[in-house]
Number of protein chains: 2
Amino acid sequence: MKPSVKDNKRKAILDAATELLALKPTATLQEIADHAQIGIATLHRYFSTRELLLDALALNAIGLVDEALEGIMNDDSDMLRFLTEVFEALIPLGSKMSFLSFAASVDENPNILAEEARIKQPLREAVEGWQTRGLLNAAMPAHWMITVMYNLLFVAWQEIQNGNLAKNDAPQLLVSTVIQGFGASGRSGS
Amino acid sequence: MKPSVKDNKRKAILDAATELLALKPTATLQEIADHAQIGIATLHRYFSTRELLLDALALNAIGLVDEALEGIMNDDSDMLRFLTEVFEALIPLGSKMSFLSFAASVDENPNILAEEARIKQPLREAVEGWQTRGLLNAAMPAHWMITVMYNLLFVAWQEIQNGNLAKNDAPQLLVSTVIQGFGASGRSGS
DNA sequence: AATAAATGATAGATAAATATATCATTATAT
DNA sequence: ATATAATGATATATTTATCTATCATTTATT
């Protein structure tokens, strides 16, 4: 069951491709091969068509998110800790998240749309639980909160790439942003 | 100085093209023409090459944002009102905002990058002022706040398009999200 | 070291997108 | 109503991207 060297290379290609396509969705196969530092012939050996590559990218992203969320259980006791762990796990996957939302909606692939909804389930259930408990604003639609959080994962990833945000600061900043907002800590309303 | 009928059509094409490209950056000229409900020959008459079309899209987006922000002055007295007005003005331009950030970074067009920074200036100055006054969290990087707000403009626009969010609810929801976050209204941090 | 597998560069073929040109039809203006 | 301008459909050419095939070189295996 150990991943072969070929599997590793395949994963490296997928990672590089996702990274580039998240920033430049119109990248050609040649550009993708360059970014992955391989010849275009090799790229074709691993993924015979662009369409197959895109499908593999989506499946890879889903698998990585599943893997990252594995083991992060919500014991319903400590919301901030749970959120921090989720963000720590998912920020490095920012480009994958972004690609997923885009590619899935673009390709209208129902399979991938379903998977995308599935991987959002844990966070959705957690949010709804916290709303019931009065920890989160019950008047705000849960769907909006989820959407915002997943989008901010990509924003954070991008800011890290651009050198505007320290990797280690990102999870806390995200938690603070979504829970408290930008308001001064004491009070916030008018 | 009145816009001619041809200018109006030109703008209509730009609007339709932005809308489509924001959702599907890989759209072909044929798809853009279809979405704008014109023949591809007419599209070529207005914009002779794809590159010229993309440049025009960026310039149009910048002009619309300028126009939308015109007249919204920050009197430094009422942060929530100012933010609400900015969001009311910019949410309908969500697809333009999104296209701008993407196209500019993709094309590496320095002109557009500069304009993009310029249209963010008013909000940046306002945020920094509010931080000084203690209305906003001074420990949070202003750059992060601006980036988040501009990204959420597109998210809100998208949610409206998808039918998940009422147009009239969006500005308030955005203000609430960025100022208070998702926390229950009373208190938020641990 | 010898063998097998994988790679990259390159060339060529196919397919797709973009760009140009023509013409009949529709809309607009006067 | 007529003339002018704009449009859309279509055909064609050109460019670009994708895909396939070949072969020498590099890398891995034993």
Side-chain angles (χ1 to χ4, degrees), chain A residues 1-60 99 102-109 112, chain B residues 1-60 99 102-109 112:
Chain A
M1 277 304 165
K2 59 188 168 190
S4 73
V5 57
K6 209 167 173 180
D7 286 341
N8 286 336
K9 181 146 197 172
R10 194 186 125 98
K11 286 221 142 205
I13 295 175
L14 290 174
D15 283 350
T18 309
E19 193 176 295
L20 179 60
L21 286 172
L23 295 172
K24 184 177 180 178
T26 60
T28 66
L29 291 178
Q30 182 65 60
E31 289 172 318
I32 293 171
D34 290 348
H35 192 255
Q37 295 183 313
I38 59 173
I40 192 170
T42 301
L43 179 58
H44 270 110
R45 287 187 189 103
Y46 280 84
F47 305 98
S48 53
T49 73
R50 177 182 247 267
E51 202 183 343
L52 284 175
L53 171 63
L54 292 180
D55 286 351
L57 288 175
L59 290 177
N60 179 54
F99 173 83
F102 252 106
S105 64
V106 165
D107 295 359
E108 296 284 354
N109 185 331
I112 298 191
Chain B
M1 275 306 165
K2 58 188 169 191
S4 72
V5 56
K6 209 168 172 181
D7 285 343
N8 286 337
K9 181 145 196 174
R10 194 186 126 98
K11 285 220 142 206
I13 296 174
L14 289 174
D15 284 351
T18 308
E19 193 177 295
L20 179 60
L21 286 172
L23 295 172
K24 184 176 179 180
T26 59
T28 67
L29 291 179
Q30 182 66 60
E31 289 171 318
I32 293 171
D34 290 348
H35 193 255
Q37 295 183 313
I38 59 174
I40 191 169
T42 301
L43 180 58
H44 270 109
R45 287 186 189 105
Y46 280 85
F47 305 98
S48 54
T49 72
R50 176 181 247 268
E51 200 182 345
L52 283 175
L53 171 63
L54 292 180
D55 286 352
L57 288 175
L59 292 177
N60 180 53
F99 173 83
F102 252 106
S105 64
V106 164
D107 295 358
E108 297 283 356
N109 185 330
I112 297 190

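Owing to the predicted nature of the structure, the values given are computational and were not obtained by experimental measurement. Chain letters run A, B, ... following the sequence lines, proteins first and then strands; every chain starts at 1.
DNA chain C is contacted by no residue of residues 10-21 of chain A, taking any non-hydrogen atom closer than 4.0 Å.
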**Request:** For A:F47 and A:L14, run side chain to side chain contact (heavy atoms under 4.5 Å, CB included): C-alpha distance rounded to whole Å, both residues' side-chain angles, the deciding distance at 0.1 Å, then the answer.
**Result:** CA-CA 10 Å; A:F47 305 98; A:L14 290 174; 3.6 Å; yes
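In this structure, CD1 of B:I38 is placed 19 Å from P of C:dT26, rounded to the nearest angstrom. Atom CG in B:N8 sits about 15 Å away from atom C1' in D:dA6, given to the nearest Å. Whole-Å rounding puts the B:L53 CG to C:dT18 P distance at 10 Å. As a whole-Å value, the separation of B:L43 CG from D:dA9 P is 13 Å. With rounding to whole Å, B:D34 atom CG is found 12 Å from C:dA17 atom P. Summarising the geometry, the separation between NZ on A:K24 and C1' on D:dA17 is reported as 13 Å, rounded to the nearest angstrom.
A sub-4.0 Å separation between OP1 or OP2 of D:dT7 and a side-chain N or O of B:Y46 is present.
Pairs passing the salt bridge (charged side-chain N to carboxylate O under 4.0 Å, His left out) check and including a residue from residues 17-28 of chain B, sequence neighbours excluded, read B:K24-B:E31.
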**Request:** Using a 4.0 Å cut-off on protein heavy atoms (strictly under), produce a 5'-to-3' string for nucleotides 18-26 of chain D with B for base contact, S for backbone-only sugar-phosphate contact, and - for none.
**Result:** SBB-B----
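Note: B:N109 CG to B:L54 CG = 10.5 Å, rounded to the nearest 0.5 Å. Rounded to the nearest 0.5 Å, atoms CG (A:L29) and OG1 (A:T49) are 9.0 Å apart.
Fit an axis to the five pairs at each end of the helix from C:dA1-D:dT30 to C:dT30-D:dA1 and the two axes sit 50° apart, to the nearest 10 degrees.
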Donor-acceptor pairs under 3.5 angstrom involving side-chain atoms of residues 32-45 of chain B: please list them, not counting sequence neighbours.
{"residue": "B:D34", "atom": "OD1", "partner": "B:Q30", "partner atom": "NE2", "Å": "3.1"}
{"residue": "B:H35", "atom": "ND1", "partner": "B:A16", "partner atom": "O", "Å": "3.2"}
{"residue": "B:H44", "atom": "ND1", "partner": "B:I40", "partner atom": "O", "Å": "3.3"}

Restricting to nitrogen or oxygen on both sides, can you table the protein-nucleotides 28-30 of chain D pairs closer than 3.5 Å?
none

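Shown are A:L23, A:N60, A:L57; of these, the side chain to side chain contact (heavy atoms under 4.5 Å, CB included) with A:F99 is made only by A:L57.
Contacts of A:L59 classified as side-chain contact (heavy atoms from CB on, under 4.5 Å), with partners at least two apart in sequence or in another chain: none. In this view, B:D15 and B:K96 satisfy the salt bridge (charged side-chain N to carboxylate O under 4.0 Å, His left out) rule, not counting sequence neighbours. A search for side-chain contact (heavy atoms from CB on, under 4.5 Å) contacts involving A:S48 returns A:L52, not counting sequence neighbours.
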